[in-house]
Amino acid sequence: DNAWAPLDLIVAPGDECEVRVHEDEPRCVEYQIKCERILDYVPPLHVELFETNIMTAGEVFRYVFKEQGRYEVFDVDAPEIRGVIHVTTQPDQVQERLKRGS
C-alpha cells in the first residue's frame with residue numbers, strides 16, 4: 001500500500017488524470033511525485049514527463065496525457081514503489097496483456 005494514487009490506471013489520450021495524496025496521510029509528511037514515460041528500447045528508456053511540487057494529504061495534481069504509451073509515477077523519495085499509467089486507444093488489449101502477464 002502506498003500513500004498516493006494512482007497505482008494502476010488505463011486511460012485514453014487526452015484524458016485528465018489525477019495524482020492524489022490520500023487524505024488520511026499525516027499532514028507533516030510531504031510527497032513529490034515524478035512521472036516518467038517508459039520507451040520500449042533495450043534497456044527501456046525513462047524520459048521525465050513531469051514532477052509535482054511538494055504535496056501533502058489531500059492535495060491533487062492533474063495532468064492530461066496526450067501521447068499513447070506506458071508511464072510510471074513514483075515518489076522521488078521512494079522510487080522503488082511505482083504506479084503505472086497506460087495511455088491507449090485500445091484499453092481492452094492492454095487489459096488482456098496485463099492479465100496474461102500476471
Practice item. Answer yes or no: is there a donor N or O on one side and an acceptor on the other, between the side chain of Gln32 and the main chain of Asp77, under 3.5 Å? Key: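 The answer is no, because no donor-acceptor pair under 3.5 Å joins these two groups.
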
Review point. Quick check: does any side chain N or O of Glu18 sit under 3.5 Å from a backbone N or O of Arg62, one acting as donor and the other as acceptor?
Key: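 Checked: no pair found.
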
Practice item. Show your reasoning for whether side-chain contact (heavy atoms from CB on, under 4.5 Å) applies to Val21 and Glu30. Key: CA-CA 9 Å; Val21 177; Glu30 298 178 335; over 6 Å; no

Can [Y] be reached from [X] by stepping across I, L, V, M, F, W or Y side chains whose heavy atoms are under 4.5 Å apart?
X     : Y     : result
Val19 : Val29 : yes
Leu39 : Val84 : no
Val60 : Ile33 : no
Val47 : Tyr41 : yes
Phe74 : Phe65 : no

Review point. In Å, rounded to the nearest 0.5 Å, how long is the span from CZ of Arg82 to NZ of Lys34?
Key: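 With rounding to 0.5 Å, CZ (Arg82) is 9.0 Å from NZ (Lys34).
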
**Study point:** Distance (rounded to the nearest 0.5 Å) between Tyr31 OH and Thr52 OG1
**Key:** 12.0 Å

Review point. Would Asp15 and Val64 satisfy side-chain contact (heavy atoms from CB on, under 4.5 Å), going step by step from the backbone distance to the final call?
Key: CA-CA 6 Å; Asp15 283 358; Val64 175; over 6 Å; no

Check your understanding: Run the side-chain contact (heavy atoms from CB on, under 4.5 Å) check on Glu51 and Val76 step by step: do they pass?
Key -> CA-CA 9 Å; Glu51 189 171 315; Val76 295; 4.2 Å; yes

Measure the shortest side-chain to side-chain distance between [X] and [Y] over non-hydrogen atoms and say whether it is less than 4.5 angstrom.
X     : Y     : result
Ile38 : His46 : yes
Val11 : His86 : no
Ile81 : Asp75 : no
Pro13 : Gln68 : yes
Glu59 : Arg20 : no

Revision key, fill the gap. Heavy-atom nearest pair, Ala12 first then Val87, reads C-CG1, 4.0 Å

Check your understanding: Where is the tightest heavy-atom contact between Arg27 and Ala57, given as atom of each residue plus distance?
Key -> NH1-O, 2.7 Å

Exercise for review: Test salt bridge (charged side-chain N to carboxylate O under 4.0 Å, His left out) on Arg37 and Glu67 and set out the steps.
Suggested key: CA-CA 10 Å; Arg37 184 170 184 189; Glu67 294 185 42; 2.7 Å; yes

Check your understanding: Given the rule in the salt bridge (charged side-chain N to carboxylate O under 4.0 Å, His left out) test, do Arg70 and Glu72 qualify, once you have shown the distances and angles that lead to the verdict?
Key -> CA-CA 7 Å; Arg70 182 172 180 265; Glu72 291 184 353; 3.1 Å; yes

Practice item. Please work out which of the three classes, parallel, tilted or perpendicular, describes the rings of Phe61 and Tyr63, given edges at 30° and 60°. Key: parallel

Exercise for review: Answer yes or no: does atom CG of Asp40 have more than 12 heavy-atom neighbours from other residues, nucleotides or ligands under 6.0 Å?
Suggested key: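 Not more than 12 within 6.0 Å, no.
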
